[in-house]
**Student:** 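Quick one: the structure is below, questions incoming.
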Amino acid sequence: MNPASTGRYSRQVLFEPIGAEGQGRLSNARAVIIGCGALGSAQAESLARAGVGRLRIVDRDFVEFSNLQRQTMFSESDATNRLPKAIAAANHICQINSEITIEPEIADVNHSNIERLLESCDVVIDGTDNFATRYLINDACVKHKLNWIYGAAVGSYGVTMTIRPKITPCLRCVFPEPPPAASAPTCDTAGVIMPIINIVAAVQVSEALKLLTGHEGALHQSLMQFDVWRNEWRRISIGRPVIDCETCARQEFASLAAGNTDFAAVLCGRQAVQVSPSQPAHLNLTTLSERLSAAGEVKLNDYLLRFRTGEFEMTIFQDARSIIRGTDDVATARSLYARFVGN
Ligand SMILES: [Zn+2]
């Protein structure tokens, strides 16, 4: 089928840099979206409507009512049914564009599956909510020379950068270490408004379209930052890769090594999972309790913090270790940890 002849993509084909040739390239491309929350929803919808032939959507969570304010892939019935986000997204995309192939993956992305999840893809788009997964994506993409598009949003602030291994700096060139656990606000403690999601996702998708249609010269080549409440837009030039970067120069892929993700373990017979930080940390529990009190019931003593949210109870220690009661599912526990402690 010639996609240009169907009329569906006629306005996009009229856009000169894409044209019929670019549309053909899109229909032969595979994009992988890692994380289908707010950013992932916006990315998935745009790429599906644009006619990217294969979309692999990876997510470990299920739909909740608190998602509906900004996660446009999901409906009330998805939340009522607690559908996995990857499945709910696939169901909705089928209604938007039945001519493309959706590959939903319900998975907690980790060192053991990331390389399989990125197999035979042309571009990787970041829809995650934590740095541990982003370093994993960065390692895998640098190792396999895959372009990936970092993006994040919290509150009214967002940031994005397009990473082309060996050509641009990688994530670790720009951020050599992840921010310490609990040092940065997350959407579950500081909230997020939808417009910043749309801006970050729009820039990410534009970059993906440029890459997939062979217009590398049009990439923005910067770290782009936006704050739609403070009315700040910033573009920082990123230049070349850092000469001694452990990832892209030395080709050391620490987060792909087995054992590096053994920081979550089921506590047998206790309906609980222990999650440890990806690197040593020391938390200020008082500060953390102030942030968490917006999202649930918090109790604090000198040694630990107890936080109740929904049917789960998180006990968080000063070393950033957490025991999460109410589940024996590692993916659920890691998701809660990422949401409320961060990373
Ligand atoms: Zn690097």
Side-chain angles (χ1 to χ4, degrees), residues 31-35 39 43 58 109-154 157-181 183-184 200 203-208 210-212 215-226 234-261 263 277-281 338 342-343:
V32 179
I33 294 172
I34 305 279
L39 284 173
Q43 297 154 2
V58 187
V109 179
N110 58 50
H111 76 278
S112 71
N113 62 13
I114 179 87
E115 288 172 278
R116 174 184 69 77
L117 292 168
L118 302 190
E119 229 165 55
S120 12
C121 79
D122 300 291
V123 68
V124 181
I125 304 167
D126 175 14
T128 65
D129 59 0
N130 67 89
F131 256 86
T133 309
R134 291 191 185 107
Y135 280 103
L136 199 61
I137 296 171
N138 190 59
D139 274 10
C141 285
V142 170
K143 182 176 173 186
H144 296 283
K145 299 183 180 59
L146 290 169
N147 297 319
W148 78 279
I149 305 166
Y150 158 60
V154 62
Y157 168 83
V159 59
T160 178
M161 180 175 82
T162 301
I163 291 156
R164 289 192 292 160
K166 293 284 184 190
I167 298 170
T168 68
C170 78
L171 187 71
R172 208 177 277 279
C173 288
V174 178
F175 306 107
E177 297 292 336
S183 67
V200 173
V203 175
Q204 287 180 292
V205 169
S206 304
E207 294 282 280
K210 294 169 195 172
L211 286 167
L212 294 176
H215 290 281
E216 284 82 0
L219 296 166
H220 63 70
Q221 301 191 53
S222 58
L223 184 75
M224 275 201 182
Q225 297 172 307
F226 320 92
R234 211 173 308 152
R235 205 177 142 190
I236 302 165
S237 273
I238 49 174
R240 300 278 304 157
V242 170
I243 285 172
D244 60 349
C245 169
E246 70 175 60
T247 306
C248 63
R250 304 211 300 265
Q251 300 277 300
E252 292 166 11
F253 305 116
S255 50
L256 293 182
N260 212 314
T261 49
F263 50 81
S278 50
Q279 56 178 12
N343 293 312

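Numbers here are sequence positions counted from 1. Because the structure is predicted, anything quoted here is derived from the model rather than measured. Atoms within a ligand are numbered from 1 in the order they appear, just like the ligands themselves.
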**Student:** If you look only at distance, which donor and acceptor atoms sit under 3.5 Å apart when one is on a side chain in residues 247-254 and the other is two or more places apart or in another chain?
**Tutor:**
unit_1, atom_1, unit_2, atom_2, d
Thr247, OG1, Arg172, NE, 3.1
Arg250, NE, Glu252, OE2, 3.2
Arg250, NH1, Asp244, O, 3.1
Gln251, NE2, Cys248, O, 3.3

**Student:** So which atom in Cys170 and which in Ile163 form the shortest heavy-atom distance, rounded to 0.1 Å?
**Tutor:**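 Minimum heavy-atom separation between Cys170 and Ile163: CA-CG2, 3.8 Å.
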**Student:** Quick one: name the protein N/O/S atoms under 2.8 Å from the Zn ion (ligand 1), chain by chain.
**Tutor:**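 Near the Zn ion (ligand 1), below 2.8 Å, one finds Cys170 SG, Cys173 SG, Cys245 SG, Cys248 SG.
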**Student:** With rounding to the nearest 0.5 angstrom, report the CE to CZ distance, Met161 to Arg235.
**Tutor:**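 Met161 atom CE to Arg235 atom CZ measures 14.0 Å (nearest 0.5 Å).
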**Student:** Using distance alone, with no hydrogens and no angle criterion, decide if Gln204 and Thr160 have a side-chain donor and acceptor under 3.5 Å apart.
**Tutor:**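 Checked: Gln204/Thr160 side chains show no N/O donor-acceptor pair below 3.5 Å.
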**Student:** Can you list, pair by pair, the side-chain donor-acceptor contacts under 3.5 Å of residues 143-151, counting residues two or more places apart and other chains?
**Tutor:**
unit_1, atom_1, unit_2, atom_2, d
Lys143, NZ, Glu115, OE2, 3.0
His144, NE2, Glu115, OE2, 2.7
Trp148, NE1, Asn138, OD1, 3.2

**Student:** Taking salt bridge (charged side-chain N to carboxylate O under 4.0 Å, His left out) as the test, write out the residues that go with Arg116, two or more places apart.
**Tutor:**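 So Arg116 forms a salt bridge (charged side-chain N to carboxylate O under 4.0 Å, His left out) with Glu105.
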